[in-house]
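All residue numbers refer to positions in the sequence shown, counting from 1.
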Amino acid sequence: MDVQMKRGLLEVCVLASIKNSDSYGYQIIKDMSPYVEISESTLYPILRRLEASQLLTVYSVEHNGRLRKYYSITELGKKRIADFENEWRAIVSIYEFITREEQSDDEV
């Protein structure tokens with residue numbers, strides 16, 4: 001898969017994993033694992049990029065004597081998911097065009 005496409009897909013997956021409730025790194029990985037494999041070394045740079053792009057915000061909460069970073073989606077992040085859904089419809093349409101079976105002259 002194209003690296004840029006995969007990167008974009010992972011970013012939207014991370015946003016989707018926190019769209020209904022705030023979450024933290026390990027939980028995001030766990031929530032995504034049935035659908036896509038992602039490691040900590042991949043996740044945290046994505047989270048930083050999403051924060052820099054204002055698609056999510058970060059806050060800390062004490063948990064078992066340590067601070068845990070929680071990630072919360074912004075309105076801009078929700079818009080990114082909606083934009084992706086529209087883009088994906090276009091991609092599916094292109095895929096259907098590419099994989100369509102040729103019609104014989106009799107069918108036309």
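- Remark: the backbone N or O of Leu67 is not paired with any side-chain donor or acceptor of Ser60 at under 3.5 angstrom.
- To the nearest 0.5 angstrom, Ser23 atom OG is 14.5 Å from Lys69 atom NZ.
- Pairing each heavy atom of Gln54 with each of Leu76, the nearest pair is O-CB, 3.6 Å.
- Ser72 has its side chain within reach of Tyr59: a pair of non-hydrogen atoms, C-beta onward, lies under 4.5 Å apart.
- Atom OH of Tyr26 is surrounded by 12 or fewer heavy atoms from other residues, nucleotides or ligands within 6.0 Å.
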### Task
Go through the steps to decide whether Ile29 and Glu40 satisfy the test side chain to side chain contact (heavy atoms under 4.5 Å, CB included), and finish with yes or no.
CA-CA 8 Å; Ile29 291 171; Glu40 287 182 29; 3.5 Å; yes
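- Between the CG atom of Leu10 and the CD atom of Glu37 there is a distance of 10.5 Å, given to the nearest 0.5 Å.
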### Message
I'd like to know whether Glu87 forms a salt bridge (charged side-chain N to carboxylate O under 4.0 Å, His left out) with Arg80, so could you lay out the CA-CA distance, the side-chain angles of the two residues, the decisive distance to 0.1 Å, and finally the verdict.
### Response
CA-CA 10 Å; Glu87 293 166 3; Arg80 177 63 190 107; 3.6 Å; yes
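- Residue Met32 holds its CE atom at 12.5 Å from CD of Gln27, rounded to the nearest 0.5 Å.
- Arg100 places a side-chain N or O within donor-acceptor distance of the main-chain N or O of Phe97, the cut-off being under 3.5 Å.
- In the hydrophobic clustering of ILVMFWY residues, with side-chain heavy atoms under 4.5 Å counting as a link, Leu56 and Val36 come out together.
- Between atom OG1 of residue Thr99 and atom CD1 of residue Ile94 there is a gap of 11.5 Å, rounded to the nearest 0.5 Å.
- Between the side chain of Ser17 and the backbone N or O of Asp31, no donor-acceptor pair lies under 3.5 Å.
- Put simply, Ile28 and Tyr24 are part of two different groups of oily side chains (I, L, V, M, F, W, Y) that touch within less than 4.5 Å, one to the next.
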Mind listing the side-chain donor-acceptor pairs of residues 41-48 below 3.5 Å, one per line with the distance, residues two or more places apart or on another chain?
unit_1 : atom_1 : unit_2 : atom_2 : d
Ser41  : OG     : Ser39  : OG     : 3.0
Thr42  : OG1    : Ser39  : OG     : 3.2

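- Taking the side chain as every heavy atom from C-beta outward, Ile18 and Tyr70 never approach each other to under 4.5 Å.
- Salt bridge Glu11/Arg7: present, at least one basic N to carboxylate O contact under 4.0 Å.
- Two residues are said to be in side-chain contact when any heavy atoms from C-beta on lie closer than 4.5 Å; Ile73 and Ile81 meet this criterion.
- If you take OG on Ser33 and CD1 on Ile38, they are separated by 11.0 Å, rounding to the nearest 0.5 Å.
- In this structure, the separation between CG on Asp83 and NZ on Lys78 is 14.5 Å, given to the nearest 0.5 Å.
- The ring-ring contact (aromatic ring centres under 6.0 Å, His included) check on Phe84 picks up Trp88, with sequence neighbours excluded.
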